[in-house]
Each structure stands twice: as C-alpha cells, then as structure tokens.
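First the structure, in the form of structure tokens, and then the observations on it.
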Protein chains: 2
Amino acid sequence: MTTLGYALLGLLAREPASGYDLKRQLQAPIGFFWRARHSQIYPELARLEAIGLVTYQVVAQHDLPDKKVYTITAEGRGALRDWVATPAEAPVVRDEVLLKTFSLWLVEPAAAVALVRDQERRHVEQLQVYEGLHQQLVQRAGAALTHWDSPYFASYITLQKGIGAERQYLEWCRWVVLLLEQPA
Amino acid sequence: MTTLGYALLGLLAREPASGYDLKRQLQAPIGFFWRARHSQIYPELARLEAIGLVTYQVVAQHDLPDKKVYTITAEGRGALRDWVATPAEAPVVRDEVLLKTFSLWLVEPAAAVALVRDQERRHVEQLQVYEGLHQQLVQRAGAALTHWDSPYFASYITLQKGIGAERQYLEWCRWVVLLLEQPA
DNA sequence: GCTAGATATGTCAATAGTAACATAGTCTAC
DNA sequence: GTAGACTATGTTACTATTGACATATCTAGC
C-alpha cells in the first residue's frame, strides 16, 4: 500500500466520492499536507479496488458526464485504522522559496522583496481558504466538533494545523520584507 | 537544471565542499526545506561538473579517505543568481502525521495521543538543533548578520523560518494532546 | 453553430527520489 | 585482532510523481 492509497481511504472513510471529487479534495482541504494529480489518483483507485479496499458504482448524471462513485469497504476501513495506529514518518518539505531565500544574498534587495511578497500573497490566499473551511466546519459539525471519534473533530484539528502554519509563514514573510526594506 | 542542482549550488556558493559534506548539510541546516540522499547528490554533482557550473579537486587526507572538494564556478554563481530572481513554485509538504491525524477519529484516544506525542518529541529535538545552529550563526556572523548581501543574513532568515515552523508544530501537538486527554 | 470552460476518466513517457547493493580506508573500544 | 561506527564515493533497480496526451459530456455565452 502507498501513502496516497491511505490518503484516499481517509477521504472515502468520510463519504463516498468520485476520482474527480478526490482530486479536488487533494488540492484544497488536505492539499497542505498531501498532494496528488489525477494521473496518480485514478490508477491508485483502481489498485484499491483490485485489492478489495474500495468498491465503485457508475452513477449517471442528467446534466453532467457519468462518474464512478467509490465507497470504502469494511476491509478498507480496517486497513486505514491499522495504518493510523502505526508510527509515522517525519514530514518532508520541499519549499523552493526557502531554497531561494538561502541564496538571497546574491540578488539585489528589490528582487528579494519581490520574491517574498509573491509568497506572502500566496499565503494570504491560502489562509483565507482555510479560514473559510473552518467556518463551514464549525457550522456543520455542531457538538461533534470536540468528540474524538467524529470525523469533524479530525478535520478540525488538521485544519487548525494548516491555519497555524499559514499564519506563521505570513508572519515570517512580513518580517523578512521589513528587514529588507529597512534603511541601510 | 534540477532544483536539487540549485540547492547544491546554494551551498557551494558559500564554501567549497565534498559530496559527503553536502549530504550532511541537506540533513541538518537546510534539511527542513529540501532533502536528498547521497544517491541523488553524487550523480547531480557529476552533472553540474559536466556543464561547467562546478569544478572539483581530489584532496588527500592523512587520517581519512580521499575526497572530492567541489567549488562553484563563475557560471555556476551566475546560474544560481538568475534562478533566485525567478518566481518560485508553491511549497510542497508531505506530512504523514497530518494524514494520520485526518483519520484519527478511527482509533482510540490512547493510540492518537501516542502518535502526536511521538511527533512532539521529534519536533522538540529539531527545535534544539535549529536553536543551536542559531547560536553558532549569531556568534560567527557578527555585524554581517543584518547585511542583505551576506550569506549569514540569508542563513539567519531561513533558519528563523525553520525555528518558527518547529515552534508552531510543537504548539499544535500540545494543543491536540490537551484536547485528547480532556475528560469527556 | 461555435467556443470556452467545467466535469469526468483515463494512459504513457519521462523525471525525481528512495532503498539497497557495493567498496574501501580509518578510528576506537573491547 | 576484530567488530562497529564514521568517512567517503559510487551504481542500480525500483517506486513515486509529474506533465503531456487523449477523449467525451454538458453548459453558457457569443
């Protein structure tokens, strides 16, 4: 089993979804800690189906193309639970901006500021997306938000991590710009 | 050119180093935003040498095996500078712990706490490493620490990002444990 | 009628990255 | 002496991931 497989099971454990749905979820709500393109998702779903962790039904839509709606099986849920209880690997980050920051002393402050401001803009947007998701979550979840065995609770705590990370990134961007624009 | 190539140039722009040195630096000081194994580093160095961005000399050591010490060329420095001034890709994170957290509602609180505590331990260690590097940096850099055209400045601001990220991760771990251990 | 864009699902070639294999010199502690 | 650990450099087979290609349906606006 690949990690992406567990990511998909984690989403399907909440509700059935098509490959296309999963693709979108791997961009927005969980995209800040795991990403995948559709060219990786479709074959992975086929593999999960082949080993019996998910099943699917073709659903015809009146106004849109047909879709395959995948559902997690009891075995899939079991496999996911076992995996969660197992120690995790250390996070891996590949941040091109920080890599460029590391060599920032080679370029003029103006170019440096442009780089960091660009990143700042990106994180402002991301923060807004996550805060929107947080609002939705609080409304939908109600009391379940703080129950450890509710998927809302799990969504809530992961989302809080994302919001915290975005805020920290923003603070850093602003601090760097301040340093760079400081009169010499 | 690959991103790893620029990572290596970024390190070599500060001082000449062997593949083994670079391997170590891709673990500790810049490992939190870019990682690579030696099996990726050695071929990449050969490629950089082939296109004239670095050169090397074999250095015999009295007490240790010979090593190849790589030095960045003027072309290498130019290529690095051009790359830094170019807009960067969004950061990519692959965090297995957060992926497991997303499915944390499937396991007992005890198993959940174990997962998060394990991660907490890891980040406590990392934070200590980075804070140690910070101390070293401040001592070595002196006034250069705040000069935009000094490599110390670039190291300083990237390291601050790492320290901030570790602190944020730790805070989150402790907050989650608090929630999970809260009487129901 | 046509075009652009979203929905929807796939394949395939190429690249990036990992894990394992391979070798060899030196140091320290037993 | 020797076993284990660290320095040092490489290759190779495999896996993961990306980017491009490929196709089809439906809606909305021109």
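Labels below follow one simple rule: chain letters A, B, ... track the order of the sequence lines, proteins then strands, and each chain is numbered from 1. A quick note: this is a predicted structure, and the numbers were derived from the prediction, not measured.
The only option from B:His134, B:Gln126, B:Gln128 that meets the side chain to side chain donor-acceptor pair (under 3.5 Å) definition with B:Tyr130 turns out to be B:Gln126.
In terms of position on DNA chain D, the residue among B:Pro43 and B:Lys67 whose nearest nucleotide sits closer to the 5' end is B:Lys67.
A donor-acceptor contact shorter than 3.5 Å is absent between the side chain of B:Ser103 and the backbone of B:Lys100.
When only modelled atom types and interatomic distance are considered, B:Arg47 and B:Thr2 share no side-chain donor-acceptor pair under 3.5 Å.
Phosphate contact (OP1/OP2 of D:dA8, side-chain N/O of B:Arg24, threshold under 4.0 Å): present. Look at B:Arg94 and you'll find a side-chain N or O under 4.0 angstrom from OP1 or OP2 of D:dT17.
No continuous path of hydrophobic side-chain contacts links B:Leu8 to B:Val69 [ILVMFWY only; heavy atoms under 4.5 Å].
Rounding to whole angstrom units, CD of residue B:Gln25 and P of D:dT7 are separated by 13 Å. Put simply, CE on A:Met1 is 15 Å from C1' on D:dT15, counting in whole angstrom units. Here D:dT9 presents its C1' atom at 15 Å from CD of B:Glu49, a figure rounded to the nearest Å. Separating the CD1 atom of B:Ile41 from the P atom of D:dT7 is a distance of 14 Å, rounded to the nearest angstrom. Whole-Å rounding puts the A:Glu96 CD to D:dT18 P distance at 13 Å.
In this structure the side chain of A:Glu49 never reaches within 4.5 angstrom of the side chain of A:Leu45, judged on heavy atoms. Residues A:Ser155 and B:Phe102 meet the side-chain proximity criterion, which asks for heavy atoms closer than 4.5 Å. Residues A:Leu26 and A:Leu4 have side chains in contact (heavy-atom distance under 4.5 Å, counting atoms from C-beta outward).
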A:Arg94 and B:Thr3: side chain to side chain donor-acceptor pair (under 3.5 Å), yes or no, with the steps? CA-CA 10 Å; A:Arg94 290 184 197 278; B:Thr3 309; over 6 Å; no
Per-nt protein contacts along nucleotides 19-30 of chain D (heavy atom under 4.0 Å; B base, S backbone sugar-phosphate only, - none) come out as BB----BSS---
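If you check every strand for non-hydrogen atoms under 4.0 Å, A:Thr3 touches nothing. Using a 4.0 Å heavy-atom criterion, one finds that A:Ser18 contacts the sugar-phosphate atoms exclusively. B:Lys68 comes within 4.0 angstrom of sugar-phosphate atoms only, judged by non-hydrogen atoms across all strands, and of no base.
Contact footprint of chain B on DNA chain C: nucleotides with an atom under 4.0 Å from a non-hydrogen protein atom, first to last in 5' to 3' order, C:dA16 to C:dC27.
For B:Tyr20, counting side-chain heavy atoms from C-beta on, the closest listed nucleotide (D:dA8, D:dT17, D:dT11) is D:dA8. Here D:dA8 is the nucleotide among D:dA16, D:dA8, D:dT18 with the atom lying nearest to any side-chain atom of B:Tyr42.
Taken from CD in B:Glu166 to CZ in B:Arg122, the straight-line distance is 10.5 Å, to the nearest 0.5 Å.
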